[in-house]
Amino acid sequence: VVAIHGLNGHAINTWRVGETIWFRDLLPTLIPEASLRVSTYGYSSELASSGAKGQMLDFVLGLLSALEALRTSTKTSNIPIFFICHSLGGIVFKKCLLMANDRTKLYGSIISSTIGVAFFGTPHRGSGAASLSKICLDIIHIMYPNVRSDLVENLKRTAEELADIGSSTPELLEPLSIITAYEMRPLDGFRPVGRIVSRESALLNISNEIAIPIDGDHRAVCRCPSLEDTRF
């Protein structure tokens, strides 16, 4: 299991409620025979507020190289991989698929070992009158509410880059088991906006997708404190 957080997220805190991270502490108790190996990938997502050119490529190459090194050093290159992604971290995952597929000599074992992904509040398409790039930009603004005005144009370029990636990879997703969890509540402080990622935007609408509504907002959609919690 490999978890990827979203922009302005954290490798641990994005998923944690108190001291509990559900895929580390709860999930293994339900499938002990699987002997789950759990990793979270942390990247400097605050760089997104600078709009630096090529930053998404840096995130993705960092993830692929770290994952390949880990699997090689632990002799687990043939172990199946299931990704868990929150928000725009799901778009980072999509870019990973594209990059690994283009560089099979380096990352072929990753693409061939990836069996599934769970998206939590990841936008895959536009919603109503809002384009995918507009939704990505709204998420960035929410994650970086105090960004300097001179960086706004850079943020727009970041959003356009994310949207371009987000609308790609349909053929690479076809062989995977896919779970899509989408939020049912507005984020506190943004209630006039409604849900950050709507059901329409979150769903891929493909045959191998299991859709799950979650009674939580955009941050809570990927957190679960106990086995008894309805979100689990």
Side-chain angles (χ1 to χ4, degrees), residues 1-9 14-15 22-23 27 45 48 56 59-60 81-98 100-101 111 114-143 158-188 190-224 229-232:
V1 175
V2 178
I4 309 174
H5 63 78
L7 296 183
N8 207 27
T14 288
W15 317 99
W22 65 269
F23 52 81
L27 186 60
S45 55
M56 185 58 64
F59 297 164
V60 169
I81 309 171
F82 192 94
F83 286 87
I84 296 173
C85 309
H86 177 239
S87 191
L88 298 180
I91 296 181
V92 173
F93 164 74
K94 285 184 171 183
K95 185 64 174 179
C96 281
L97 285 186
L98 288 169
N101 191 60
I111 196 76
T114 298
I115 60 170
V117 57
F119 295 111
F120 290 85
T122 294
H124 297 291
R125 64 183 76 246
S127 176
S131 66
L132 181 54
S133 61
K134 174 64 166 58
I135 294 171
C136 291
L137 184 60
D138 287 344
I139 293 174
I140 294 172
H141 277 306
I142 289 167
M143 296 299 103
T158 298
E160 290 168 358
E161 180 182 9
L162 290 167
D164 183 58
I165 298 167
S167 60
S168 60
T169 70
E171 67 285 350
L172 294 177
L173 294 174
E174 287 178 0
L176 305 183
S177 297
I178 298 175
I179 298 171
T180 297
Y182 58 93
E183 65 227 46
M184 296 295 291
R185 294 180 179 270
L187 189 63
D188 284 344
F190 297 93
R191 291 188 180 275
V193 178
R195 288 175 286 178
I196 303 304
V197 178
S198 69
R199 178 183 184 275
E200 181 183 1
S201 180
L203 293 182
L204 288 159
N205 292 320
I206 55 181
S207 61
N208 53 322
E209 175 186 40
I210 298 173
I212 303 175
I214 298 291
D215 185 20
D217 60 28
H218 189 65
R219 291 194 176 100
V221 70
C222 65
R223 296 171 177 170
C224 183
D229 191 280
T230 56
R231 287 172 290 182
F232 189 76

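Heavy-atom basis, side chains included; hydrogens, waters and symmetry copies ignored.
To the nearest 0.5 Å, the span separating CD1 on I91 from SG on C85 amounts to 10.5 Å. One distance of note links CD of E174 with OG of S207; it measures 8.0 Å at 0.5 Å rounding. Considering CZ of F83 and CZ of F119, their distance stands at 10.5 Å, rounded to 0.5 Å. Note that the CD1 atom of I206 and the NE2 atom of H124 stand 8.5 Å from one another [nearest 0.5 Å]. A distance of 10.0 Å separates OG1 in T114 from CG in L172, rounded to the nearest 0.5 Å. Atom NZ of K94 is separated from atom CD1 of I4 by 12.5 Å, given to the nearest 0.5 angstrom.
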Practice item. Just do the side chain to side chain contact (heavy atoms under 4.5 Å, CB included) check on T122 and F93 with the steps written out, would you? Key: CA-CA 10 Å; T122 294; F93 164 74; over 6 Å; no

Practice item. For side chain to side chain contact (heavy atoms under 4.5 Å, CB included), just list the numbers for F59 and K95, CA-CA rounded to whole Å, side-chain angles, deciding distance to a tenth of an Å, and then say yes or no. Key: CA-CA 9 Å; F59 297 164; K95 185 64 174 179; over 6 Å; no

Exercise for review: Applying side chain to side chain contact (heavy atoms under 4.5 Å, CB included), run through I84 and F120 and close with a yes or a no.
Suggested key: CA-CA 8 Å; I84 296 173; F120 290 85; 3.7 Å; yes

Point to revise | Verdict with reasoning, T14 to C222, per side chain to side chain contact (heavy atoms under 4.5 Å, CB included) | key: CA-CA 8 Å; T14 288; C222 65; 3.9 Å; yes

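The minimum heavy-atom distance linking R219 with H86 is given by the pair CA-NE2, 4.3 Å. Across all non-hydrogen atoms, the minimal contact from N208 to L176 is ND2-O, 2.6 Å. Across I178 and T180, no two heavy atoms sit closer than the pair CG2-OG1, 3.9 Å. Contact detail for M184 and P213: the closest heavy-atom pair is SD-CB, 3.7 Å. In plain terms, the two heavy atoms of A181 and I214 that are nearest each other are CB-CG1, 3.7 Å. Shortest non-hydrogen contact noted between E209 and A202 is OE2-O, 4.3 Å.
For the pair E183 (side chain) and I196 (backbone), a donor-acceptor distance under 3.5 Å is present. No donor-acceptor pair under 3.5 Å is formed between the side chain of N205 and the backbone N or O of E200. Judged by distance alone, with hydrogens and angles left aside, the side-chain atoms of R231 form no donor-acceptor pair with the main-chain N or O of V221 at under 3.5 Å.
Salt-bridge check for D215 with R185: passed, with a basic side-chain N closer than 4.0 Å to an acidic carboxylate O.
C96 has its side chain out of reach of I111: every pair of non-hydrogen atoms, C-beta onward, lies at least 4.5 Å apart.
Looking at residues two or more places apart in sequence or on another chain, you find a ring pair (Phe, Tyr, Trp, His ring centres under 6.0 Å) between F23 and W15.
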